[in-house]
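Below you'll find the structure, written out as structure tokens, and then a few comments.
Order of the sequence lines fixes the chain letters, A, B, ..., with proteins taken first and strands second; residue numbering starts at 1 for each chain.
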Amino acid sequence: AQKITQTQPGMFVQEKEAVTLDCTYDTSDPSYGLFWYKQPSSGEMIFLIYQGSYDQQNATEGRYSLNFQKARKSANLVISASQLGDSAMYFCAMRRANAGKSTFGDGTTLTVKP
Amino acid sequence: DTGVSQDPRHKITKRGQNVTFRCDPISEHNRLYWYRQTLGQGPEFLTYFQNEAQLEKSRLLSDRFSAERPKGSFSTLEIQRTEQGDSAMYLCASSSYYRGMYTEAFFGQGTRLTVV
């Protein structure tokens, strides 16, 4: 079974600073994908970034980067130059390569202070 | 086509009543997923379809829950004899093939169910 652990229930960051949101995962499958989503108070899940288990380089999408450490089974999200609009809940998720479902963590609430 | 659409956005029902939710995925996506999310938790997988075939169902999906995707387009999720424990946000997502795997890259805004 897959498991995602997000150990930070809440995080605060000053506007324009960088912040790292932690995610560790557990799986015995060799091929899988890791994802991060943002969920603002409006409720919609917004896909941010994807990392494949065989990808050699860390994924980046604009101000988002994924710090993938396969041996440690961690997939931390780094948000650079935080903006007030980044305040939201952030979820880490994982899916096996040929599976139908994704497994989500319990999320981290990020608050960006002006 | 602007994204995944869910209807209604909010539903309040009395315990014991039946409710049905609808999801319209992005038109070219052949996979459609349903998740349930309770307050303070991450989404939990309920079921998914590839075209009109329901390929996987979670153990969370009790006999009171049924989902359909006739003709492989929109999907409905029905809950019969609702219970207070069914109160949650019901999320729908659709996906296309992305960098070697399907992924729920596109979620709807959800249907918030409150059972009173």
Check each atom of B:Arg31 against the heavy atoms of chain A and say whether the ones under 4.5 Å are side chain, backbone, both or neither. side chain
Is chain B contacted by the side chain of A:Gln39, its backbone, both, or neither, given a heavy-atom distance below 4.5 Å? side chain
For B:Glu78, look at atom CD and say whether over 12 heavy atoms of other residues, nucleotides or ligands are found less than 6.0 Å away. yes
Out of curiosity, B:Thr47 OG1 to A:Lys101 NZ, how far, rounded to the nearest 0.5 Å? 11.5 Å
Shared hydrophobic cluster, B:Leu60 / B:Val115 (ILVMFWY, side-chain heavy atoms < 4.5 Å): yes
Transitively linked via ILVMFWY side-chain contacts under 4.5 Å: A:Phe91 with B:Trp34? no
In short, A:Glu44 meets B:Gly108 closest at the heavy-atom pair CG-O, 4.0 Å
Test ring pair (Phe, Tyr, Trp, His ring centres under 6.0 Å) applied to A:Phe104 and B:Phe45, step by step: CA-CA 9 Å; A:Phe104 286 76; B:Phe45 172 80; over 10 Å; no
To the nearest 0.5 angstrom, please state how far the SG atom of B:Cys92 sits from the CE atom of A:Met45. 13.0 Å
B:Phe49-B:Leu61 co-clustered via ILVMFWY side chain contacts under 4.5 Å: yes
Is it the case that atom CG in B:Leu39 sees more than 12 heavy atoms from other parts of the structure closer than 6.0 Å? no
Non-hydrogen atoms of chain A under 4.5 Å away: do they reach the side chain of B:Gln41, the backbone, both or neither? both
Are B:Val19 and B:Tyr35 joined in one hydrophobic group, where the rule is that I, L, V, M, F, W and Y side chains link up if heavy atoms are under 4.5 Å apart? no
Tell me, side chain or backbone of B:Leu55 under 4.5 Å from chain A's heavy atoms, or both, or neither? neither
Do B:Leu32 and B:Leu77 share a hydrophobic cluster (ILVMFWY, side-chain heavy atoms under 4.5 Å, transitive)? yes
Greater than 12 external heavy atoms within 6.0 Å of A:Lys16's NZ: no
Answer with side chain, backbone, both or neither: which region of A:Thr109 has an atom nearer than 4.5 Å to a non-hydrogen atom of chain B? neither
Part of B:Glu44 within contact of chain A (heavy atom distance under 4.5 Å): neither
Test ring pair (Phe, Tyr, Trp, His ring centres under 6.0 Å) on A:Tyr37 and B:Phe107; report intermediate values, then the result. CA-CA 10 Å; A:Tyr37 294 85; B:Phe107 275 83; 5.5 Å; yes
For B:Tyr33 and A:Ser102: C-alpha separation, side-chain torsions, deciding distance, then whether side chain to side chain contact (heavy atoms under 4.5 Å, CB included) applies. CA-CA 10 Å; B:Tyr33 311 81; A:Ser102 290; over 6 Å; no
